[in-house]
Amino acid sequence: MNVRRSAAALAAIAVVGAAAAPAVAASPSPSPSVAKPSGLFGSGDPTYDGVWRQSLALLAQHTVGVEPAAKAVDWLTGQQCANGAFAAFRADPAKACDAKVMVDTNSTAAAVQALAALGGHDAQTGKAVTWLKSVQNKDGGWGYTPGGASDANSTSVVVGALTAVGEKPDTVRKDGKSPSDALLKLALPCADGGAFAFQPDKAGKLAANADATAAAVLGTLGEGLVAGPAAKTAAPACSDGARTPAQAAANGAAYLAQAVKKDGHLVSALPGATDQPDYGNTADAVVALAAQGGADQARQPLAWLEKNAAGWARQSGPAAYAQLIFAAHATGTDPRRFGGQDLVAQLTATGPAPQTKATAQEDTGKKDKKDDGSPFGVWWFVGVCLVAGIGIGFLVSGRRKGPQL
């Protein structure tokens, strides 16, 4: 999903306002304007995508059985505001969030998915989900920021968060409307390929958007950023018959399948620039195609990524490696042998060293010392962590792609 994920995406949204811009394939390398926290993945400026890329990196490590570094997880939990929401990045997490802190649904929902997968963070995910429910729109969906018009990407990433904590997304309603209701309003008929729009334009018209379609296929299926292949393989086919989430997902998958049929990848273009491959959205499309119709439906774009995505991932950083790992997972492909690349090792190299079995056991032992009568029990340990966090102490729709090395 890509409404969220990079400085490039945020810049695009700032320019076009409520209308979504197509995914941007690349953006200039940002110059770090803040000191990079030691627990954070990537070396690029985290101002616009810190929480997003951290969440994807942690979720990807968990997906491949890697135990993330404790300080990487602590950095993410330390970004949460008291009301449960997350901003793209808070340079000083010791300072309470105020009205100037721009919290958003995408960062919050991505953090929920990561922390729920890791386990042991029910307090944080519970507060975050409560906040997400509080900013649901009357049409059943979510915008990037509270009060913003619902869009396909934001609604879908929140659906993934709800699923991650064990909730049934369509029971989460506002004025009787569910997330599926919001997504179905953004679904185009088969005459337009069966795609999803990001959101209506100022005239209320819908335009096919591959980025939004990849996100919405997962959203209508009730899936999150990490999804496995459908149990039954079926080529996606568009139908204007029953207007159900399942059929909308099939329609969207049919659109994606057609979009990648010629060259094996999706295309994006900067204004005034020629079309160019969109690696991030192609990775998202692989996940969507596999989740809807089985791994075989995603073989062509997967093969293209295996052959061509290495350079993009090196330039773009942890979130890009995570997206490729999600694509590998969705198709049953070994991410350690992805087109000759070890995605797991490459992702790990962008952040703090993961825990070994010994360090994980040591951390567990420390936690188990609470209530043992010692003055150095768990609360002392937590206090030390908080002080350390004070000492060292994402984005929006593109969900990916700006260089975050």
Side-chain angles (χ1 to χ4, degrees), residues 1 3-5 49-52 54-56 58-59 62 73-90 93-183 215 218-220 222-226 382 385-386 389 394-396 399:
M1 329 204 120
V3 155
R4 26 228 178 176
R5 335 295 171 120
D49 77 331
V51 166
W52 179 262
Q54 190 82 350
S55 299
L56 265 64
L58 296 176
L59 188 55
H62 173 79
V73 181
D74 291 342
W75 183 87
L76 181 59
T77 58
Q79 289 287 301
Q80 189 172 30
C81 294
N83 67 354
F86 285 78
F89 174 71
R90 294 169 58 207
K95 182 180 179 181
C97 297
D98 56 24
K100 295 181 180 179
V101 175
M102 184 178 168
V103 295
D104 68 85
T105 60
N106 287 229
S107 297
T108 303
V112 168
Q113 292 189 48
L115 295 174
L118 294 172
H121 300 282
D122 290 352
Q124 290 92 341
T125 59
K127 289 173 63 178
V129 168
T130 296
W131 180 80
L132 288 169
K133 291 179 178 179
S134 75
V135 296
Q136 185 177 17
N137 290 330
K138 292 182 178 180
D139 62 4
W142 284 266
Y144 179 72
T145 55
S150 296
D151 66 75
N153 298 71
S154 298
T155 300
S156 296
V157 74
V158 173
V159 165
L162 295 171
T163 298
V165 298
E167 296 216 22
K168 295 181 178 179
D170 277 352
T171 66
V172 178
R173 294 173 172 262
K174 185 70 172 288
D175 287 1
K177 299 294 185 180
S178 71
S180 287
D181 292 324
L183 290 172
L218 294 176
T220 51
E223 298 280 4
L225 294 167
V226 177
V382 170
C385 290
L386 289 174
F394 186 144
L395 173 21
V396 94
R399 37 198 211 229

Side chain to side chain, [X] and [Y], heavy atoms closer than 4.5 Å:
X: Pro179; Y: Gln136; answer: yes
X: Trp142; Y: Val157; answer: no
X: Val51; Y: Leu76; answer: yes
X: Gln80; Y: His121; answer: no
X: Val158; Y: Thr108; answer: no
X: His62; Y: Val226; answer: no

Answer yes or no: is there a donor N or O on one side and an acceptor on the other, between the side chain of Arg90 and the main chain of Lys95, under 3.5 Å?
-> yes
Sidechain-backbone polar pair: Gln113 side chain, Gly224 backbone, donor-acceptor under 3.5 Å = no
Nearest 0.5 angstrom please: [X] [atom1] to [Y] [atom2], how far?
X: Lys177; Y: Ser150; atom1: NZ; atom2: OG; answer: 12.0 Å
X: Trp131; Y: Cys81; atom1: CH2; atom2: SG; answer: 9.0 Å
X: Phe89; Y: Met102; atom1: CZ; atom2: CE; answer: 15.5 Å
X: Asp170; Y: Asp181; atom1: CG; atom2: CG; answer: 7.0 Å
X: Asp139; Y: Thr155; atom1: CG; atom2: OG1; answer: 7.0 Å
X: Tyr144; Y: Thr105; atom1: OH; atom2: OG1; answer: 7.5 Å

Is there a donor-acceptor contact under 3.5 Å linking the side chains of Asn153 and Ser156?
->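 No donor-acceptor contact under 3.5 Å links the two side chains.
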Will you find, in the side chains of Asn106 and Ser154, an N or O donor that is under 3.5 Å from an N or O acceptor?
->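 Yes - a donor-acceptor pair under 3.5 Å links their side chains.
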Ignoring hydrogens, what is the shortest heavy-atom contact between [X] and [Y]? Give both atom names and the distance.
X: Asp104; Y: Ala87; answer: OD2-C, 3.9 Å
X: Gly222; Y: Val159; answer: CA-CG1, 3.8 Å
X: Ser55; Y: Ala114; answer: O-CB, 3.4 Å
X: Thr163; Y: Pro169; answer: OG1-CG, 3.4 Å
X: Val135; Y: Pro146; answer: CG1-CB, 3.8 Å
X: Val112; Y: Thr125; answer: O-CG2, 4.0 Å

Determine the sole option in Val129, Asp122, Leu115 for which the side-chain contact (heavy atoms from CB on, under 4.5 Å) test with Val165 is passed.
-> Val129
